[in-house]
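This report concerns only the one structure given below.
Values reported hereafter were calculated over all heavy atoms of this structure, with side chains retained and with hydrogens, waters and symmetry mates removed.
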Amino acid sequence: MPKHRTVFRRPMFSFVLAISFIFVFAPNAFAQANLHASLLGPKQRYLALGDSLAYGYQPDLDFSDGYADDFYSNLKLHGTSSFANMGCPAETSSTFINGGCTFSLIRKYIYFSDQLDAAVDYLHYYAGQVSPVTLDIGANDILPDINKSTCAISPNFQTHLQTVDNNLTKVILPALKSALTVNGRVTGDLLVMNYYDPYQNRCPNTIPYIQMVNQHLAADVNGYGNIVDVFSAFGGAASPNPNTCNYTWICSIFSDIHATDKGYSVIANAFEARAGY
């Protein structure tokens, strides 16, 4: 994987409308060993990575109340004093590695490489100072396989899911864990979330596919970090799910799948519950 020298700037917010496409999923079962992986606790710096959920996108152009923002508010109570949000709306697991994120111009934290190299450079530059690192990635890889009008699932679903697995286990997670390791010791917590399903009331047939995605995510993260159960926090596989309209914009005039302020708060609480801090 090529490395780029990243120039860091202060976080920057944009008022440009970024229509990112994040489809969020639900788990069925988790790797139990992963659920009980040890945690080191918060440090001076918090690094958020991922797609539009990490970025904090909302269709009303409120980009300042995402789960990473809420989680940081909690972390500050534990001594964390710096927050870098590298999330890019529409990021896939492949663009995370190779660059080319559609909405890279509206990122909150400016860097001139792919997100993975920027994260690795950041972790090396602030070696031993960063914990936790949060990540949500993979939803955009398989979003094109879901037809929201007919609820049909593309035959490419399995192929794209395998791409997510390969990108996570062969590149992304090993690189992040390596960058968090100083003198042979892991110095920070890596927390990776699963996804809620905003379409489960409209398309109940997607639930088994959603559960499959989150099973894969839990297996992929095992040995590298900890999985965060956002799906259960959003109400699980119930259909109809009574939380969907409150936690996402799917029932609004926007018909948008991203989280609301309330939904992002619920996601942040799930991170806090899993981390224990």
Decide whether [X] and [Y] are clustered together by the hydrophobic rule: side chain heavy atoms of Ile, Leu, Val, Met, Phe, Trp, Tyr closer than 4.5 Å, transitively.
X      : Y      : answer
Val182 : Tyr125 : no
Ile106 : Leu61  : yes
Phe63  : Phe254 : no
Trp249 : Ile267 : no

- prompt: Stepwise, does the side chain to side chain contact (heavy atoms under 4.5 Å, CB included) test hold for Lys43 with Thr187?
  reply: CA-CA 9 Å; Lys43 293 189 174 180; Thr187 60; 3.7 Å; yes
task: Go through the steps to decide whether Asp69 and Lys108 satisfy the test salt bridge (charged side-chain N to carboxylate O under 4.0 Å, His left out), and finish with yes or no.
output: CA-CA 12 Å; Asp69 303 281; Lys108 295 178 177 179; 3.7 Å; yes
When you measure from the side chain of [X] to the backbone of [Y], do you find a donor-acceptor pair of N or O atoms at a distance under 3.5 Å?
X      : Y      : result
Asn194 : Asn214 : no
Asn85  : Ala54  : yes
Ser131 : Asp189 : yes
Asp114 : Asp117 : yes
Lys177 : Gly223 : yes
Tyr264 : Tyr57  : yes
Asn243 : Phe234 : yes
Thr206 : Cys203 : yes
Asn205 : Cys151 : yes

If you compare all heavy atoms of [X] against all heavy atoms of [Y], which two are closest, and at what distance to 0.1 Å?
X      : Y      : value
Ile137 : Leu168 : CG2-CD2, 3.7 Å
Gly263 : Ala259 : C-CB, 3.9 Å
Gln115 : Gly50  : OE1-N, 2.8 Å
Asp70  : Glu272 : O-OE2, 4.1 Å

message: Angle between ring planes, Phe83 versus Tyr46, binned at 30° and 60°: parallel, tilted or perpendicular?
response: parallel
field: Pairs flagged by disulfide bond (SG atoms under 2.5 Å apart) wherever residues 244-274 is involved - sequence neighbours left out
entry: Cys245-Cys251
Stepwise side chain to side chain contact (heavy atoms under 4.5 Å, CB included) test for Ile207 and Ser239: CA-CA 9 Å; Ile207 294 176; Ser239 183; 4.2 Å; yes
Give a yes-or-no answer on whether the side chains of [X] and [Y] include a donor-acceptor pair shorter than 3.5 Å.
X      : Y      : answer
Thr163 : Asp165 : no
Ser94  : Asn167 : yes
Tyr67  : Asp136 : yes
Asn246 : Thr260 : no
Asp256 : Gln58  : no
Thr248 : His258 : no
Thr181 : Ser178 : no
Ser93  : Asp141 : yes

query: Can you name the residues that form a side chain to side chain contact (heavy atoms under 4.5 Å, CB included) with Ala179, not counting sequence neighbours?
result: Val120, Leu123, His124
statement: By ring pair (Phe, Tyr, Trp, His ring centres under 6.0 Å), Tyr277 pairs with (sequence neighbours left out) none
- request: Validate the cation-pi geometry between Arg107 and Tyr111: distance from NZ or CZ to the six-membered ring centre under 6.0 Å, angle to the ring axis within 45°.
  value: yes
message: Strictly below 4.0 Å, N to O, side chains only: are Lys170 and Asp220 in salt-bridge contact?
response: no
message: Between Asn74 and Phe271, does the side chain to side chain contact (heavy atoms under 4.5 Å, CB included) criterion hold? Intermediate values first, please.
response: CA-CA 10 Å; Asn74 173 70; Phe271 272 94; over 6 Å; no
